[in-house]
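Since the structure is predicted, the reported quantities are computational estimates derived from the model, not experimental observations. Below, read A as the first sequence line, B as the second, and so on, with proteins coming before strands; counting in each chain starts at 1.
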There are 2 protein chains.
Amino acid sequence: MRLSTKGQYGLRAALDLADRYGQGPVPLKAIAEREEISEHYLEQLIAELRKAGLVISQRGAQGGYILARAPDKITVAEIVEVLEGPIAPVDCLAEDNCKRSPVCAAQAIWKKLAAAMNQVLGSTTLADLIAENKRLKS
Amino acid sequence: MRLSTKGQYGLRAALDLADRYGQGPVPLKAIAEREEISEHYLEQLIAELRKAGLVISQRGAQGGYILARAPDKITVAEIVEVLEGPIAPVDCLAEDNCKRSPVCAAQAIWKKLAAAMNQVLGSTTLADLIAENKRLKS
DNA sequence: TTTAATCCCAACTAATTTACTCGGATTTCG
DNA sequence: CGAAATCCGAGTAAATTAGTTGGGATTAAA
């Protein structure tokens, strides 16, 4: 019941960008160093975020990455879903083709769990986390 | 962000036992057939539940498995934790040794998520799910 | 007391996923 | 032009998943 490092690293990278939103493009190398993540690996993850329209890239010298929207307009759920797929504890909810569904007493709890997870992740923005972190450190 | 089949199968087996609580031992073969799960694989899972004290076994002919407590005294969280480990979306919460912890803005959301997941799974018993399923089918 | 039903246990394995690495091509600023 | 960046596809070692295989031990019932 764990997120893979893709989701974890991806969120940290997004938060790194959120922290620097409005200050021009942030090069991958800088993110990788601050977050202590393999640069090449992070490149693949951020590419997925770019393809999903959550970050924008600027190629060439002085280039880097920028969040596609303001940090208060991007939820954690969006980041996680791009990198980990739908936020659902079991496949049979996402797939919706489980033939045991009508007799499966377990299904109800997975639905409840999925709803709770989506509520938490969908109602928290990158800006929320940056603000909370700043508050804690002060 | 998915449970493995261990957690899913394990919960289904536990629910199968819950449905027959008070009717004597239920043989593994019967559970495996009803739930369409490999008998030998399920055997390994239920062995973990037994070692954790959640089910009791009766060996020999006419033997089988019985829930160690009444279905309304066993939560889904207990079953899942035995088979999948602590209910936490990232390791750094369970391990409590992440050196980035003081600067990690991501940590807050994982804590919130873990709390929500534990709340949902910890407040639902096997009896709750059996009852809800019966209600839906009627 | 035999026999059949059951659980118990350990080892093995194929497929998939994870978490990367490697090597280069392309773009853009100064 | 040259350095700083992103872009892209392929390769890979280790771990995990989801089982399978094969036998041994226990017990109720005939």
Side-chain angles (χ1 to χ4, degrees), chain A residues 1-13 16-17 20 23-68 80 83-85 89-92, chain B residues 1-13 16-17 20 23-68 80 83-85 89-92:
Chain A
M1 205 48 178
R2 300 277 188 287
L3 251 72
S4 72
T5 58
K6 286 179 69 174
Q8 297 178 54
Y9 291 176
L11 178 61
R12 276 163 55 192
D16 194 290
L17 291 179
R20 285 157 188 79
Q23 302 175 25
V26 183
L28 184 67
K29 192 176 180 180
I31 307 174
E33 273 171 10
R34 276 191 297 264
E35 301 296 328
E36 298 174 276
I37 298 170
S38 153
E39 197 180 329
H40 255 308
Y41 186 42
L42 185 55
E43 186 183 1
Q44 291 169 36
L45 310 187
I46 222 165
E48 293 189 57
L49 295 178
R50 178 178 55 80
K51 283 168 195 160
L54 291 172
V55 309
I56 288 166
S57 67
Q58 169 66 46
R59 299 182 73 168
Q62 260 49 46
Y65 296 94
I66 307 177
L67 285 185
V80 170
L83 296 165
E84 305 267 348
V90 296
D91 279 329
C92 53
Chain B
M1 204 51 179
R2 300 279 187 285
L3 252 74
S4 71
T5 57
K6 286 179 70 173
Q8 296 178 54
Y9 292 176
L11 178 60
R12 276 164 55 192
D16 195 290
L17 290 180
R20 286 158 188 79
Q23 302 176 24
V26 182
L28 183 66
K29 192 176 181 181
I31 307 175
E33 273 171 10
R34 275 190 297 264
E35 301 296 328
E36 298 173 276
I37 298 170
S38 152
E39 197 180 327
H40 255 307
Y41 186 42
L42 185 55
E43 188 182 0
Q44 290 170 39
L45 310 186
I46 223 166
E48 293 189 56
L49 295 177
R50 179 179 54 83
K51 283 168 196 160
L54 291 172
V55 308
I56 288 167
S57 67
Q58 168 66 46
R59 300 181 72 170
Q62 259 46 46
Y65 296 95
I66 306 177
L67 286 184
V80 171
L83 296 165
E84 305 266 349
V90 296
D91 279 329
C92 52

Whole angstrom value for the distance that separates [atom2] of [N] from [atom1] of [X]:
{"X": "B:E84", "N": "D:dA18", "atom1": "CD", "atom2": "C1'", "result": "12 Å"}
{"X": "A:R2", "N": "D:dT17", "atom1": "CZ", "atom2": "C1'", "result": "16 Å"}
{"X": "A:L49", "N": "D:dC7", "atom1": "CG", "atom2": "P", "result": "12 Å"}
{"X": "B:L3", "N": "D:dT17", "atom1": "CG", "atom2": "P", "result": "11 Å"}

Next on the checklist: On a heavy-atom basis, which atom in B:L42 and which in B:Y9 lie closest, and how many Å separate them?
Outcome noted: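 That would be CD1-O, 4.4 Å.
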
Please table the atom pairs, donor to acceptor, closer than 3.5 Å between any side-chain atom in residues 28-36 of chain B and protein atoms at least two apart or in another chain.
from, atom 1, to, atom 2, distance (Å)
B:R34, NE, B:D16, OD1, 3.4
B:R34, NE, B:D16, OD2, 2.9
B:R34, NH2, B:D16, OD1, 2.8
B:E35, OE1, A:R100, NH2, 3.2
B:E35, OE1, B:R12, NE, 3.1
B:E36, OE1, A:R100, NH1, 2.8

Checklist entry - Tell me, for nucleotides 19-30 of chain D in 5' to 3' order, what letter each nucleotide earns: B for a base near a protein heavy atom under 4.0 Å, S for only sugar-phosphate near one, - for neither? => result BBBB-BBBBS--

Next on the checklist: Among residues at least two apart in sequence or on other chains, which ones pass side-chain hydrogen bond (donor to acceptor under 3.5 Å, both in side chains) with A:S4?
Outcome noted: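 Expected list: A:E84.
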
What pairs of donor and acceptor atoms, side-chain ones from residues 43-68 of chain A against any protein atom, are under 3.5 angstrom apart with sequence neighbours left out?
from, atom 1, to, atom 2, distance (Å)
A:E43, OE1, A:H40, ND1, 3.1
A:E48, OE2, A:K6, NZ, 3.2

Item to check | DNA chain C: 5'-most and 3'-most nucleotides touching chain B, 4.0 angstrom heavy-atom criterion | outcome: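 Under 4.0 Å from chain B, the extent on DNA chain C is C:dA5 to C:dA11.
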
Checklist entry - Taking atom CE of A:M1 and atom CE of B:M1, what is their separation to the nearest 0.5 Å? => result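 Rounded to the nearest 0.5 Å, the CE-CE separation comes to 5.5 Å.
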
Checklist entry - Which parts of residues 50-57 of chain B get close to DNA chain D, meaning a heavy atom less than 4.0 angstrom away? => result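 Listed by number, there are none.
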
